[in-house]
Amino acid sequence: MEEIEIPDSIRCEFEIKGGIDGIVELLPDDQRIRYISSIARAISDPVRLKVLFALCIQPMCVCLIVAMTEYAYSKMSYHLSILRDGGLICSKQEGNYLIYYPTDLGRKVVEWIGKSF
């Protein structure tokens, strides 16, 4: 392998951490990276982020979410599935209604975003 030239300003710390192999060992495993990526994907859209924030204020059925966002039911179904796949929301059947709630992770994400920005 070709020798990589490393700037002096980071060389010592890089070597203390064990070089590239040491850093790779410190990284989350691939499954965890995929999980984190699914969360990032879920909150990367303004509509989904708005829905997540709203659900942390009040659980809602899809009809209320659609009224709040003015999105079509079919489009909202897509957004809700991404939030659910990211582990940020869940739903519970109540009679003819499916009520959406934030998960504990969803609440933590909203709390973190709220404090950070």
Engineer: Taking only residues two or more places apart in sequence, or in another chain, which ones meet Asp21 in a salt bridge (Lys or Arg N to Asp or Glu O under 4.0 Å)?
Structural biologist: none
Engineer: Just verifying a value: how many Å separate Cys61 SG and Tyr97 OH, rounded to the nearest 0.5 Å?
Structural biologist: 6.5 Å
Engineer: Are Ile10 and Val24 connected into the same hydrophobic cluster when the rule is that any two of I, L, V, M, F, W, Y join if their side-chain heavy atoms are below 4.5 Å apart?
Structural biologist: yes
Engineer: Is the side chain of Arg48 donor-acceptor paired with the backbone N or O of Ala42 at a distance under 3.5 Å, no angle test?
Structural biologist: yes
Engineer: Just verifying a value: how many Å separate Leu105 CG and Ile89 CD1, rounded to the nearest 0.5 Å?
Structural biologist: 12.0 Å
Engineer: Measure from the side-chain N and O atoms of Ser91 to the backbone N and O of Leu98, and report whether any donor-acceptor pair falls under 3.5 Å.
Structural biologist: no
Engineer: Distance from Asp45 atom CG to Lys50 atom NZ, nearest 0.5 Å?
Structural biologist: 11.5 Å
Engineer: Could you tell me which non-hydrogen atom of Tyr35 sits nearest to which non-hydrogen atom of Gly86, and how far apart they are?
Structural biologist: CE1-O, 4.5 Å
Engineer: Side-chain heavy atoms nearer than 4.5 Å, only ILVMFWY residues, links allowed to pass through others: does that put Ile65 and Ile82 together?
Structural biologist: no
Engineer: For atom CD of Gln93, is the number of surrounding heavy atoms from other residues, nucleotides or ligands below 6.0 Å larger than 12?
Structural biologist: yes
Engineer: Consider only side-chain heavy atoms of I, L, V, M, F, W and Y, link residues closer than 4.5 Å, and tell whether Tyr101 and Val110 are in one cluster.
Structural biologist: no
Engineer: Restricting to non-hydrogen atoms, name the atom on Thr103 and the atom on Gly87 that form the minimum distance, rounded to 0.1 Å.
Structural biologist: OG1-O, 2.6 Å
Engineer: Is the closest side-chain heavy-atom distance between Asp30 and Arg34 below 4.5 Å?
Structural biologist: yes
Engineer: In the structure I gave you, are the side-chain heavy atoms of Phe14 and Ile23 within less than 4.5 Å of one another anywhere?
Structural biologist: yes
Engineer: How about Asp29: does its CG atom have over 12 heavy atoms from other parts shown lying under 6.0 Å from it?
Structural biologist: yes
Engineer: For the hydrophobic clusters of this structure (ILVMFWY residues joined by side-chain heavy atoms under 4.5 Å, transitively), does one cluster hold both Leu83 and Ile99?
Structural biologist: no
Engineer: Using the rule that Ile, Leu, Val, Met, Phe, Trp and Tyr join whenever any side-chain heavy atoms are under 4.5 Å apart, tell me whether Ile57 and Met68 fall into a single cluster.
Structural biologist: no
Engineer: Taking only residues two or more places apart in sequence or in another chain, which ones pass salt bridge (Lys or Arg N to Asp or Glu O under 4.0 Å) with Glu5?
Structural biologist: none
Engineer: Do Ile43 and Ile113 come within less than 4.5 Å of each other through their side chains, counting heavy atoms only?
Structural biologist: yes
Engineer: Under a 4.5 Å cut-off applied to non-hydrogen side-chain atoms, are Leu55 and Met60 in contact?
Structural biologist: yes
Engineer: Using side chain to side chain contact (heavy atoms under 4.5 Å, CB included), reason through Leu27 and Ile33 one step at a time and then give a plain yes or no.
Structural biologist: CA-CA 9 Å; Leu27 293 173; Ile33 292 288; 5.9 Å; no
Engineer: Quick one: do Asp8 and Arg11 make a salt bridge, cutoff under 4.0 Å?
Structural biologist: yes
Engineer: Does this structure show an ion pair linking Glu111 with Lys115, if we count only N-O contacts that are shorter than 4.0 Å?
Structural biologist: yes
Engineer: Does any part of the side chain of Tyr100, heavy atoms only, come nearer than 4.5 Å to the side chain of Arg84, both counted from C-beta?
Structural biologist: yes
Engineer: Using the side chain to side chain donor-acceptor pair (under 3.5 Å) rule, collect all pairs that involve residues 64-78, keeping only residues at least two apart or in two chains.
Structural biologist: Arg41-Tyr78
